[in-house]
Undergrad: 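My questions will all concern the structure given below.
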Amino acid sequence: MAKGDKNVEMITSRDVDFAQWYTDVVKKAGLVEYSSVKGCVILLPYGYAIWEMIKTELDARFKAVGNENVYFPMFIPESLLQREKDHIEGFAPEVAWVTHGGDEELEERLCIRPTSEVLFCEYFANAIQSHRDLPKKFNQWCSVVRWEKSTRPFLRTREFMWQEGHTAHATAEEADAFTLMMLHLYADFAENYLALPVLRGRKTEKEKFAGAKETLTIESMMHDGKALQTATSHNFGSDFAKAFDITYTDKENKLQHIHQTSWGLSTRLIGGIIMAHGDDNGLVLPPKIAPIQVVIIPIASHKEGVLDKAYELENTLSRHFRVKLDVSDRTPGWKYAEYEMKGVPIRLEIGPKDIEKGQCVLVLRDNGEKIVASLDNLVEEVQMRLYTIHKAIYEKARKNRENRTNTAFSIDELREKLDTAAGFVKAMWCGERTCEDAVKEQATATSRLMPFVSENIGDTCFVCGKPSDTLVVWGRAY
RNA sequence: CUGGGUGUAGCGUAGCUUGGUAGCGCGCCAGCAUGGGGUGCUGGAGGUCGGAGGUUCAAAUCCUCUCACCCAGACCA
């Protein structure tokens with residue numbers, strides 16, 4: 001490699017220090033900038049563009065299953081937040097409070113929403129009277145605040161952007177089905193759009209959302225073997241409905257509590273994309289969400305005909321892909337490194353020699369492969385390459401997960417597996433909280449999920465030895 | 001919140017022990033050449049050393065206080 005001997009700022013290798021690598025990539029790819037507000041970052045154009053790509057696709061998918069967008073206030077009165085006991089206990093420690101408006105002290109302090117369940121509940125209590133008012137399927141795109149002690153861009157910031165869906169249903173069956181459907185919607189999005197393989201399953205009692213009857217989750221594995229919760233879908237049953245007195249009159253004229261769900265996905269997912277697909281040259285973006293899918297680099301652009309050809313290619317390709325033509329006076333080498341850092345899936349080089357031969361050079365971001373492509377069927381070629389890149393990076397991430405997934409039959413074994421190989425460890429669990437706590441204490445691991453698709457690896461709890469038929473995937477998480 | 005560390009130009013840093021008024025690399029600006037993996041040469045601009053106070057003829061350097069950030073824990077999407 002020619003690079004390295006120059007005075008070039010390089011990113012830290014993933015294998016040397018994964019955390020540092022992550023920070024380097026996030027900054028050098030131009031995704032975020034730190035601000036003077038502790039724990040909060042500035043989302044720069046390129047980082048925000050990725051979020052917009054995610055948002056646009058998800059929003060369409062939400063609407064396709066009947067959800068409608070709304071916007072609720074960012075402040076929640078303290079008394080309202082306290083209506084559901086488990087909920088407030090779960091969130092109280094990390095809530096930010098507003099105590100003054102101007103120079104006036106507020107009679108009741110307001111929290112800045114850490115999540116909006118209680119506001120939606122209050123609204124539902126008023127708006128829902130009859131079975132004819134159901135279901136209600138709301139979603140909002142907003143930011144929320146959780147006062148974390150330590151922060152990292154995308155993975156944990158005090159303010160972060162997300163979407164939160166809140167739905168109200170007449171029956172438990174309908175709410176159950178909707179919770180599951182939204183989880184599968186997220187999973188499909190992650191796998192087919194972000195090339196991020198996920199495990200689907202349920203959270204344990206200990207790990208579920210504060211106030212939920214059941215939390216469904218998709219979990220993915222990062223390059224370093226750590227787990228990242230990618231999205232969650234909660235089933236509230238009627239617990240919030242009871243606390244907020246949300247009732248409707250059914251067809252038999254009987255008063256019933258509604259059944260609710262909520263589901264969310266945040267900008268944290270961008271951190272997941274970075275850590276799952278990125279390499280030592282920077283980001284590797286899944287083609288479907290890459291703000292730039294093809295970057296065109298003219299070579300020797302002062303030479304006769306080069307720029308004309310480059311503009312012509314930009315024109316043609318723009319009809320089908322998101323394309324950027326870089327005509328700046330940076331050298332080609334600089335541009336190569338720059339767009340690799342930014343994770344652009346395909347680089348197209350066009351120079352005098354190519355034009356003579358009626359061809360161009362395509363370079364694939366995921367494996368560095370160089371392809372000499374004819375200009376005659378370029379659109380088809382690019383289309384095909386984008387598709388294969390998606391498949392390749394999905395497969396790579398899936399293999400990493402397979403290679404780092406083990407089974408364990410004792411806490412010691414689980415700890416050893418995590419210490420050496422990192423990753424996921426499957427083990428049977430009796431369902432007791434004390435056993436789960438023991439794992440956390442002795443192996444610093446948490447239960448990630450109880451997969452929908454179980455496997456028969458034993459019939460006794462790996463901690464206490466009691467009979468068990470529950471398989472749990474354990475890991476260390478971001 | 002507990003333990004450790006660091007603050008000097010946009011970024012990375014030297015200088016601090018033995019006080020004398022700041023040096024280098026990257027980046028930035030201009031020009032010329034170059035252009036298929038961070039291109040070369042020439043010429044420029046940019047800091048008063050996190051903040052406050054103190055000692056001194058004199059403080060980036062010594063003393064006191066303070067703020068911020070980073071790393072490892074605990075807490076978390």
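Residue numbers start from 1 in every chain, and the chains themselves are labelled A, B, ... in the order their sequence lines are given, proteins ahead of strands. Computed from a prediction, not measured in an experiment: that's the story for all the values here.
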Undergrad: If you draw a 6.0 Å radius around NZ in A:K396, do more than 12 non-hydrogen atoms from other residues or ligands fall strictly inside?
TA: no
Undergrad: Please work out if A:P352 contacts a base, only the sugar-phosphate, or nothing of the nucleic acid, heavy-atom cut-off 4.0 Å.
TA: base
Undergrad: Does A:T444 reach the main-chain N or O of A:K440 with its side chain, forming a donor-acceptor pair under 3.5 Å?
TA: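 No.
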Undergrad: Could you tell me whether A:F240 and A:H87 have their ring centroids closer than 6.0 angstrom?
TA: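 Judged by ring-centre distance (under 6.0 Å), A:F240 and A:H87 do meet the cut-off.
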Undergrad: Which is true for A:K370 with a 4.0 Å heavy-atom rule: it touches a base, it touches only sugar-phosphate, or it touches nothing?
TA: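 Counting heavy atoms under 4.0 Å across all strands, the contact made by A:K370 includes a base.
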Undergrad: Does any donor-acceptor pair link the side chain of A:R330 with the base of B:rG35 at a separation under 3.5 Å?
TA: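 Donor-acceptor pair under 3.5 Å: no.
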Undergrad: Students often get this wrong, so: under 4.0 angstrom with heavy atoms, is A:L155 touching a base, only sugar-phosphate, or nothing?
TA: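 If one applies the 4.0 Å heavy-atom cut-off, A:L155 turns out to touch a base.
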Undergrad: Report yes if a donor N or O on one partner sits less than 3.5 Å from an acceptor N or O on the other, where the partners are the side chain of A:D329 and the base of B:rG35; otherwise report no.
TA: no
Undergrad: Could you tell me how far apart A:K303 (NZ) and B:rG36 (P) are, to the nearest whole angstrom?
TA: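 Distance, rounded to whole Å: 10 Å.
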Undergrad: Over all strands shown, is A:E148 touching base, sugar-phosphate only, or nothing at heavy-atom distances under 4.0 angstrom?
TA: base
Undergrad: Centres of the A:F236 and A:F120 rings: under 6.0 Å?
TA: no
Undergrad: Assess whether side chain to side chain donor-acceptor pair (under 3.5 Å) is satisfied between A:S116 and A:Q140, documenting all intermediate values.
TA: CA-CA 10 Å; A:S116 306; A:Q140 77 173 350; 3.3 Å; yes
Undergrad: Looking at A:K335 and B:rG38, is any side-chain donor or acceptor paired with a base atom of the opposite kind under 3.5 Å?
TA: no
Undergrad: Looking only at the aromatic ring of each residue, does the gap between the centers of A:W147 and A:F91 stay below 6.0 angstrom?
TA: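 No - the distance between ring centres of A:F91 and A:W147 does not fall below the 6.0 Å cut-off.
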Undergrad: Could you tell me whether A:E349 contacts a base, only the sugar-phosphate backbone, or nothing, with contacts defined as non-hydrogen atoms closer than 4.0 Å?
TA: base
Undergrad: Does A:R158 reach a base, just sugar-phosphate, or nothing at all? Heavy atoms under 4.0 Å.
TA: nothing
Undergrad: Please list every stem that involves RNA chain B, where a stem is a run of 3 or more consecutive Watson-Crick or G-U wobble pairs with both pairing distances under 3.5 Å.
TA: B:1-7 with B:67-73, B:10-13 with B:23-26, B:28-33 with B:39-44, B:50-54 with B:62-66
